[in-house]
Structure formats: structure tokens, C-alpha cells
Chemist: 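Questions regarding the structure given below will be posed in turn.
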Amino acid sequence: MKICCPSAFVIVAVTCLFGIACGTSSEPDSRTRVDRTFATGAIAGGDRGRQSAVPRQKILILGDSLTAGLGLEVSESYPAQLQALSDNAGYSVDIVSHGVSGDTTAGGLSRLEWVIGGHGAREHVASVVVALGGNDGLRGLPVEQMIMNLDEIITRLLSEGIDVLLAGMEAPPNYGAEYTARFRTAFRVLADRHDVVYLPFLLEGVAGVPELNQRDGIHPNAAGARRVAEHLWPALETLLNQLPRDTGMVPLQR
């Protein structure tokens with residue numbers, strides 16, 4: 001397990017955090033497809049003068065309404081902010097958002113093949129950020145069920161040679177201290193089991209901070225999404241730095 005950006009968990013106002021279950025998860029079709037690629041050139045930053053014959057690799061983010069950027073312009077969402085950070089750092093990758101509002105870990109598992117298979121050759125998918133679990137917590141779903149779903153997601157990805165970044169979430173306190181503790185521990189257990197890059201809490205420093213959330217007090221505003229991206233970036237860069245040096249994904253020479 002590689003823990004990135006360790007810090008104290010933010011539990012304050014986590015009940016409202018898990019209102020991310022807006023809508024319901026369903027099999028992806030023309031109505032629910034929310035994949036967005038933030039290619040270099042659409043967002044300012046990065047060295048764009050050098051062209052590479054190597055196809056740009058994909059970093060996919062499998063998530064819910066937070067990943068979908070509910071209530072934000074596309075360019076304000078945290079995946080778009082990550083693309084800007086990646087471009088500015090000189091990495092030649094495309095970050096693709098696969099966020100579906102209301103999605104649970106079961107929903108993410110059910111669409112996993114569609115997500116990774118929708119980008120042509122699978123070797124072009126270098127890494128997947130797994131940012132699910134919030135809606136499981138909101139609904140009080142069994143922690144064991146969530147562990148099984150995430151375990152299968154991670155196992156499938158690793159079997160395909162795809163690196164994983166697991167982003168942890170927090171459960172609302174209304175289900176009791178035992179549930180919230182088991183929920184939190186589940187992500188660390190999975191990260192240990194599979195030895196993947198691990199971010200303890202995706203919304204660290206944002207959950208419960210009024211000025212970083214939209215009027216609903218639930219979803220990050222543009223500033224909050226930028227904070228999420230900045231918090232997630234060191235963990236993502238850990239993955240980028242592990243990639244083979246002949247793939248065009250190390251920082252470009254300036």
C-alpha cells in the first residue's frame with residue numbers, strides 16, 4: 001500500500017457530504033454516459049509544442065456526482081482541474097471522467113467493463129482512480145458488500161495491467177460509530193491487500209467547509225473542486241511516475 005497525502009480525517013458535517021446520491025445509478029446508455037476527456041489544449045497549461053508519436057495514455061476516474069462535477073461547468077470539475085495540473089507538470093496524458101450521479105460501488109462494478117473498454121486498445125488505459133463508496137455510506141449499505149465490490153473492481157483492473165488509485169470516503173455519523181469506523185477502515189484494508197496507491201479521504205479539507213461547497217452544502221463549488229484536485233494530485237502523480245519511461249507519460253523536457 002502506498003498512502004499519499006496523509007492527514008487527519010475531516011468528519012465535520014459529513015452527513016451532508018453524502019448527499020452525493022443525487023439521481024440513481026443505471027447501466028450506461030445514451031442518457032447516462034458522462035465520460036469526459038479533458039485533452040491538452042482545452043485547458044491552459046503544459047508544454048504543447050512537442051508532438052509525440054506515442055498515443056496519449058488515459059487516466060480514468062470511476063466515480064459518482066463528485067466526479068461528474070454536478071452543478072459545475074465542465075472546466076470547473078475536479079477531473080478537469082487535474083488535467084490542468086497534469087498539463088502544467090508536463091505529463092502527456094488524457095484524464096477521462098466517468099462520473100455517474102448516485103452511483104454506488106455496485107454500479108461502478110457493473111459498468112467497469114464498459115468504462116475501460118470504451119477507449120480502444122486497453123493498453124491505452126494506464127490508470128484508474130476509483131472514487132466510489134459515498135453513496136454506499138449514504139444508504140447504509142453493508143460494508144462487507146462495499147468491500148466485495150471494490151475488491152472486484154481493483155482485482156479486475158490490476159489483472160488488466162492497469163494501475164489503481166483508491167480514494168477513500170467517509171460514512172455519515174447517523175449509522176453509528178461502529179459502522180463509520182468499519183466503513184473508513186475498509187478502504188485501508190483494500191489498499192493494503194492490493195498494494196495500490198491510497199488517498200484516505202477524497203474530500204479532505206472540503207467537506208463541511210461552507211465557502212468550498214455549493215449552496216446545497218453538499219457538492220464542492222469551483223474552489224472546492226480545485227481543492228479536491230490539489231489534494232488528489234500528489235497521489236495521481238505517484239502513479240504517473242511509476243509508468244514506463246517509453247510511453248510518453250513522464251514529464252516532457254522544457
Side-chain angles (χ1 to χ4, degrees), residues 10 13-29 31-36 38 59-74 76-82 95-116 118 128-143 145-150 152-154 157 164-172 175 183-184 186-187 190 199-204 206-208 212-214 216-222 224-225 227-229 231-232 235-236:
V10 176
V14 74
T15 303
C16 71
L17 156 65
F18 285 100
I20 59 178
C22 13
T24 58
S25 174
S26 60
E27 289 295 323
D29 57 23
R31 294 166 297 171
T32 61
R33 182 170 176 140
V34 200
D35 56 310
R36 294 182 175 131
F38 308 100
I59 309 297
L60 313 184
I61 307 180
L62 182 67
D64 45 41
S65 61
L66 296 173
T67 300
L70 187 72
L72 300 175
E73 297 293 330
V74 172
E76 295 174 333
S77 67
Y78 85 78
Q81 300 286 348
L82 280 174
I95 294 176
V96 187
S97 170
H98 284 278
V100 173
S101 293
D103 215 6
T104 61
T105 55
L109 175 59
S110 70
R111 63 189 173 97
L112 182 63
E113 289 300 315
W114 173 82
V115 166
I116 62 177
V128 173
V129 178
V130 179
L132 290 166
N135 289 309
D136 295 67
L138 171 68
R139 300 173 188 179
L141 298 178
V143 173
Q145 176 181 312
M146 182 183 75
I147 291 174
M148 290 177 60
N149 293 333
L150 289 174
E152 187 166 354
I153 289 172
I154 296 169
L157 291 171
V164 173
L165 193 170
L166 179 62
M169 295 297 291
E170 292 282 351
Y175 291 111
F183 188 95
R184 181 184 308 122
F187 294 92
L190 286 164
L199 186 76
F201 185 28
L202 180 65
L203 294 181
E204 182 79 30
V206 175
L212 295 178
N213 287 278
Q214 298 177 45
D216 61 8
I218 296 168
H219 298 88
N221 57 24
R227 183 74 61 86
V228 171
H231 177 54
L232 184 54
L236 181 59

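Keep in mind that what you see is a predicted model, and the values were worked out from it rather than measured.
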Chemist: Where do Phe201 and His231 come nearest, in terms of heavy atoms and distance?
Modeler: O-NE2, 3.0 Å

Chemist: Are the side chains of Val228 and Leu203 in touch, meaning some heavy atoms are under 4.5 Å apart?
Modeler: yes

Chemist: Looking at CG of Leu141 and CZ of Phe183, how far apart are the two atoms once the value is rounded to the nearest 0.5 Å?
Modeler: 9.0 Å

Chemist: Knowing that exactly one of Leu157, Leu112, Leu109 qualifies, which makes a side chain to side chain contact (heavy atoms under 4.5 Å, CB included) with Glu152?
Modeler: Leu109

Chemist: Please tell me if the side chains of Leu132 and Asn149 come closer than 4.5 Å, counting only heavy atoms from C-beta onward.
Modeler: no

Chemist: Nearest heavy-atom pair of Leu70 and Ser101: which atoms, and what distance?
Modeler: CD1-OG, 4.1 Å

Chemist: To the nearest 0.5 Å, what is the distance between CG (Asp136) and OG1 (Thr105)?
Modeler: 3.5 Å

Chemist: For Ala225 versus Leu72, what's the shortest heavy-atom pair and its separation?
Modeler: CB-CD1, 3.9 Å

Chemist: Measure the CD1-CG distance between Ile154 and Leu190 for me, rounded to the nearest 0.5 Å.
Modeler: 5.0 Å

Chemist: Could you work out, with side-chain hydrogen bond (donor to acceptor under 3.5 Å, both in side chains) as the rule, every residue matching Gln214, not counting sequence neighbours?
Modeler: none

Chemist: Starting from the C-alpha separation in whole Å, work towards a yes-or-no answer on side chain to side chain contact (heavy atoms under 4.5 Å, CB included) for Leu82 and Val129.
Modeler: CA-CA 12 Å; Leu82 280 174; Val129 178; 5.9 Å; no

Chemist: Using the test side-chain contact (heavy atoms from CB on, under 4.5 Å), find all partners of Ala131 that sit at least two apart in sequence or belong to another chain.
Modeler: Thr67, Tyr78, Ala167, Leu202

Chemist: Could you tell me which non-hydrogen atom of Arg139 sits nearest to which non-hydrogen atom of Tyr175, and how far apart they are?
Modeler: C-OH, 3.3 Å

Chemist: I need the Ile153 CD1 to Met148 CE distance, nearest 0.5 Å.
Modeler: 12.0 Å

Chemist: Does Asn213 use its side chain to pair, donor to acceptor, with the backbone of Val206 at less than 3.5 Å?
Modeler: yes

Chemist: Is there side-chain contact between Leu165 and Leu232, with at least one heavy-atom pair below 4.5 Å?
Modeler: yes

Chemist: Atom CD1 in Ile218, atom CG in Leu138: separation rounded to 0.5 Å?
Modeler: 9.0 Å

Chemist: If you take all heavy atoms of Ser77 and Gly69, which pair is closest and at what distance?
Modeler: CB-CA, 3.9 Å

Chemist: Within the 4.5 Å heavy-atom criterion, are Thr104 and Gln145 side-chain neighbours or not?
Modeler: no

Chemist: Can you name the residues that form a side-chain hydrogen bond (donor to acceptor under 3.5 Å, both in side chains) with Asn221, not counting sequence neighbours?
Modeler: none

Chemist: Of all the heavy-atom pairs spanning Leu66 and Pro220, show the shortest one and how long it is.
Modeler: CD2-CD, 3.5 Å

